[in-house]
Protein chains: 2
Amino acid sequence: MNDFLNYINSINPINEDALKEIQQCFKPKQLLKDDFFVKEGEYAHQIGFLKKGIVRAYFLNQKGKEYNKQFFVGPSIIGAYTSLLTKQPNKIAQQALTDCEILVADFNEMEKLYDKFHDLERLGRKIAEFYFLEKEQKEIEMALLDADKRYLIMRDRFPAIELILPQYHIASYLGISPTQLSRIRRKLKNS
Amino acid sequence: MNDFLNYINSINPINEDALKEIQQCFKPKQLLKDDFFVKEGEYAHQIGFLKKGIVRAYFLNQKGKEYNKQFFVGPSIIGAYTSLLTKQPNKIAQQALTDCEILVADFNEMEKLYDKFHDLERLGRKIAEFYFLEKEQKEIEMALLDADKRYLIMRDRFPAIELILPQYHIASYLGISPTQLSRIRRKLKNS
DNA sequence: CGCTGGCATTTACATATGTAAAGAAAATTA
DNA sequence: TAATTTTCTTTACATATGTAAATGCCAGCG
């Protein structure tokens, strides 16, 4: 539980009362490799804290091919944020790539606490802002850099991930085919 | 000013006192075609409400080529959100594509009001969430759809914009070259 | 009215990247 | 260890899209 509190406090410090309340909302849970935290098509209602492990967020294109949109490496917040906010069916599945230790809470309950604690409302704002910044970062990278550079950045950002994931997952995250990633790797080796 | 209040209220209703305070923060201003609301490299400190007109957000790649990241069509909030949040130099310029009527306020002053009014903190949260949702939407479109479909969607979303903007701006928004957009247009005509 | 400049389209070619299939390598299981 | 499956790399080819340059179009100005 302590990891969780540290994580929260690093985003936005929170008063005692509020802390107590949210602690009660979150229950520990195990997520095994390949288990889904949230599936496509369902209405999301849980938010989670990923203590340990790796989770991917992905969706399918028309031909049913997977596109890995994001990797979460603990400690991190997970959950189908868009579905939680819009109350629409979820489009982006989240699946454990390794065994994971998580804490889960009901998002609606959390939202209710916004009324009660200004601190938590602020936390919610900071989290939303953080997500926004992350996305903008990725948007710029996608628009500005070619796959070679994106690959290097991603190795830098998630050093562990290449050891754990098959390369087609990584290719999909970079928005390229495994073949292309293979070509890039070869080019990097010979230079 | 009324447009502004309606816009705010449509995002999140706000109590009288808070309304009064933020009204005082915002001052009317004219932005002429080609004027910048915020430039690259400077520290952003203003947030704006675009009553009327069109503003583009764009950045430059290594070769100095422009990439139009986003169009704002009034009524809308404008401002270099990332720079405002991170207090880092701005990377994404915002420039008027038509003459614009706007209201401007100092973002730090606004942020200070978050402490004073829970309502405003909530508004800030909702805005951040809204921005996030917008970005996710675009991310999915970029990953899932080819330029043809993105073009149709964009015509749908901003019907006016094609009449006002040169086609190379639109191509750049779609992430393709003017040549390619031309090819797409031809293909759509012959079908 | 004809120039001029800005934009759009077209053409020709280069390049990046995709798909499919085959073979090599690595990991897993019996 | 051998067999089997999964993953990775390579090859060959197809396609999408970029760049550069030529041409066409049109509005506004002298």
Side-chain angles (χ1 to χ4, degrees), chain A residues 32-34 54 56 58-69 71 95-99 141-155 158 160-191, chain B residues 33-34 54 56 58-69 71 95-98 141-155 158 160-191:
Chain A
L32 297 179
K33 184 169 187 299
D34 298 335
I54 301 180
R56 67 164 176 152
Y58 74 94
F59 51 79
L60 305 173
N61 70 10
Q62 295 100 328
K63 296 169 203 152
K65 265 193 65 177
E66 293 181 0
Y67 171 75
N68 282 324
K69 201 173 84 69
F71 297 118
Q95 183 185 32
L97 292 169
T98 64
D99 292 353
E141 282 171 14
M142 291 295 286
L144 232 47
L145 307 178
D146 43 28
D148 311 35
K149 303 221 184 66
R150 297 207 303 277
Y151 173 55
L152 291 174
I153 289 176
M154 114 71 107
R155 280 210 311 200
F158 308 112
I161 227 167
E162 251 194 327
L163 306 170
I164 296 171
L165 294 191
Q167 152 265 40
Y168 59 80
H169 272 152
I170 291 169
S172 151
Y173 174 79
L174 297 171
I176 58 179
S177 65
T179 307
Q180 187 59 11
L181 177 52
S182 210
R183 287 195 272 243
I184 289 172
R185 277 175 161 164
R186 180 175 31 173
K187 213 169 55 183
L188 290 176
K189 237 186 312 180
N190 307 339
S191 64
Chain B
K33 184 169 187 298
D34 297 334
I54 302 179
R56 67 164 176 151
Y58 74 95
F59 51 80
L60 305 173
N61 70 11
Q62 295 100 329
K63 295 169 201 149
K65 267 193 65 177
E66 293 180 359
Y67 171 74
N68 282 323
K69 202 177 81 72
F71 296 118
Q95 183 185 32
L97 292 169
T98 65
E141 282 171 13
M142 291 295 287
L144 233 47
L145 307 178
D146 44 28
D148 311 36
K149 302 219 184 66
R150 297 207 302 276
Y151 174 55
L152 292 173
I153 289 176
M154 113 73 105
R155 282 210 309 202
F158 308 110
I161 226 166
E162 252 195 324
L163 306 170
I164 295 170
L165 292 191
Q167 155 263 38
Y168 58 79
H169 271 153
I170 291 170
S172 151
Y173 175 79
L174 296 172
I176 57 179
S177 64
T179 307
Q180 188 59 14
L181 178 52
S182 211
R183 287 194 271 243
I184 289 172
R185 276 176 161 162
R186 180 176 30 173
K187 213 170 55 183
L188 290 176
K189 237 187 310 181
N190 307 340
S191 64

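Just the heavy atoms: all of them, side chains too, but no hydrogens, waters or symmetry mates, feed the values below. Residue numbering restarts at 1 for every chain, and letters A, B, ... go by the order of the sequence lines.
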For [N], does either OP1 or OP2 sit under 4.0 Å from a side-chain N or O belonging to [X]?
X        : N      : result
B/Arg185 : C/dA8  : no
B/Tyr168 : C/dC7  : yes
A/Arg186 : D/dT10 : yes
A/Gln167 : D/dT7  : no

* Any side-chain donor near an acceptor of the partner, A/Arg56 and A/Tyr173, under 3.5 Å ->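 There is no such pair between these side chains.
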Rounded interatomic separation in angstrom, taking [atom1] from [X] and [atom2] from [N]:
X        : N      : atom1 : atom2 : result
A/Leu181 : C/dG18 : CG    : C1'   : 14 Å
A/Ile176 : D/dT9  : CD1   : P     : 12 Å
A/Arg183 : D/dC8  : CZ    : P     : 16 Å
B/Asp146 : C/dT17 : CG    : C1'   : 15 Å
B/Lys187 : C/dT9  : NZ    : P     : 15 Å
B/Arg150 : D/dA16 : CZ    : C1'   : 12 Å
B/Lys149 : D/dA16 : NZ    : P     : 12 Å
A/Met142 : C/dT17 : CE    : P     : 11 Å

For a 4.5 angstrom cut-off between non-hydrogen side-chain atoms, does [X] reach [Y]?
X        : Y        : value
B/Lys33  : B/Leu97  : no
B/Glu141 : B/Lys149 : no
A/Leu165 : A/Phe71  : yes

Closest approach to the side chain of [X], judged atom by atom: which nucleotide of [options] is it?
X        : options                : result
A/Gln180 : C/dT10, D/dT10, C/dT17 : C/dT17
B/Ser182 : C/dT11, D/dG18, C/dT9  : C/dT9
A/Pro166 : D/dT9, C/dT11, D/dC8   : D/dC8

- So B/Tyr67 and B/Phe59, would you call those rings parallel, tilted or perpendicular, with 30° and 60° as cut-offs?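 The rings of B/Tyr67 and B/Phe59 sit tilted, inter-plane angle from 30° to 60°.
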